[in-house]
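Contents: one structure, followed by commentary.
Values reported hereafter were calculated over all heavy atoms of this structure, with side chains retained and with hydrogens, waters and symmetry mates removed.
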Amino acid sequence: MNATAERHHAYLAAEDPVFARIIAAYGIQDPFAWHDGGRTGTARFPALFLHVLSQRTSAAAAFTLYDRTAEALGGSVTARGLARLGPSGLRSIGLNDAKAACATDLARAQLAGRIDVEHLETQDDEEVVAALTAFKGLGTWTAQAFLMRQLQRPDVLPAGDTALHTAIQKNWNLPEPPTPSRTRHLAAPWAPSRSYAAALLWRSLVPPGEPYDPKERALRAARQ
């Protein structure tokens, strides 16, 4: 892990002994790790499509839908290919109505130049979230996941994530999981390292040696 990651971890450990304990147990974590089994490469548009597929379903199911789509498009997912399939074609592959419509809208917007998913790094976090969630069916957590995994932003707080709420409850011995509003309040001192804080907290939910990322778990299960 690079010096930047070490610096963020050192900041969190100094900020709260809970983080120091997690780091001692699990080591340095990479909040930017992207486990897709090589499906999307370095391209951001197909990665965003996989994020959309992952909403409210298992990682294994999202991989299956992605692979079916890629096969229907001759091997790779592109905006032009998704637009050509359209909602009906995507539904025939297995996408539900909401995901098929969202993917088609994204593809058509990309082709028309209304958004450039491949070059969002010039926008700040709030602008990226606003641009992505403008598409019906693309939620805030999906936009934040894209910020973290594809744009590698260091201070993303997915305050609505239930696993994060569970981890906060567990590590601070709270009587119940915090609400998104309470999560934002609790996490304010963790800035500007909240992506790293989230990665540490998610990691704390599983025993050492076991992957915490759902996609990584699905990939490991597929290899067994």
If we ignore hydrogens and angles and just use 3.5 Å, is the side chain of [X] paired with the main-chain N or O of [Y] as donor and acceptor?
{"X": "Gln55", "Y": "Gly137", "value": "yes"}
{"X": "Glu127", "Y": "Asp124", "value": "yes"}
{"X": "Thr142", "Y": "Val52", "value": "no"}
{"X": "Tyr11", "Y": "Ala191", "value": "yes"}
{"X": "Gln110", "Y": "Val117", "value": "yes"}
{"X": "Ser195", "Y": "Arg153", "value": "yes"}

Answer with yes or no whether the hydrophobic clustering places [X] together with [Y]; edges join I, L, V, M, F, W, Y residues whose side-chain heavy atoms lie under 4.5 Å apart.
{"X": "Val206", "Y": "Leu201", "value": "yes"}
{"X": "Leu120", "Y": "Leu111", "value": "no"}
{"X": "Tyr26", "Y": "Leu205", "value": "no"}

Euclidean distance, [Y] [atom2] relative to [X] [atom1], rounded to 0.5 Å:
{"X": "Thr104", "Y": "Arg84", "atom1": "OG1", "atom2": "CZ", "value": "12.0 Å"}
{"X": "Leu138", "Y": "Leu106", "atom1": "CG", "atom2": "CG", "value": "6.0 Å"}
{"X": "Leu90", "Y": "Leu65", "atom1": "CG", "atom2": "CG", "value": "10.0 Å"}
{"X": "Leu151", "Y": "Gln123", "atom1": "CG", "atom2": "CD", "value": "9.5 Å"}
{"X": "Thr166", "Y": "Asp161", "atom1": "OG1", "atom2": "CG", "value": "8.5 Å"}
{"X": "Glu210", "Y": "Arg203", "atom1": "CD", "atom2": "CZ", "value": "8.0 Å"}

Would you say that [X] contacts [Y] through its side chain, given a criterion of any heavy-atom pair below 4.5 Å between the two side chains?
{"X": "Pro46", "Y": "Leu50", "answer": "no"}
{"X": "Leu95", "Y": "Arg68", "answer": "no"}
{"X": "Leu157", "Y": "Leu164", "answer": "yes"}
{"X": "Thr40", "Y": "Val77", "answer": "no"}
{"X": "Leu48", "Y": "Leu132", "answer": "yes"}

Strictly below 4.0 Å, N to O, side chains only: are [X] and [Y] in salt-bridge contact?
{"X": "Lys215", "Y": "Asp36", "answer": "no"}
{"X": "Arg194", "Y": "Asp125", "answer": "no"}
{"X": "Arg182", "Y": "Glu176", "answer": "no"}

Looking at residues at least two apart in the chain, or sitting in another chain, which of them share a side chain to side chain donor-acceptor pair (under 3.5 Å) with [X]?
{"X": "Thr69", "answer": "none"}
{"X": "Asn171", "answer": "Arg21, Ser204"}
{"X": "Asp67", "answer": "Arg39"}

Could you work out, with side-chain contact (heavy atoms from CB on, under 4.5 Å) as the rule, every residue matching Ala199, not counting sequence neighbours?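 Testing Ala199 for side-chain contact (heavy atoms from CB on, under 4.5 Å), a comparison that skips the adjacent residues, returns Gln29, Pro31, Tyr212.
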According to ring-ring contact (aromatic ring centres under 6.0 Å, His included), does anything in residues 132-184 pair up with another residue at least two apart or in another chain? List the pairs.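 Applying ring-ring contact (aromatic ring centres under 6.0 Å, His included) to every pair that reaches into residues 132-184, excluding sequence neighbours, yields Phe19-Trp172, Trp141-Trp202, Trp172-Trp190.
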Sequence neighbours excluded - ring-ring contact (aromatic ring centres under 6.0 Å, His included) pairs with any residue from residues 54-78: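 Applying ring-ring contact (aromatic ring centres under 6.0 Å, His included) to every pair that reaches into residues 54-78, excluding sequence neighbours, yields Phe49-Tyr66.
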Positive for side chain to side chain donor-acceptor pair (under 3.5 Å) with Gln150, one of His51, Glu121, Arg44: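 The single option meeting the side chain to side chain donor-acceptor pair (under 3.5 Å) with Gln150 is His51.
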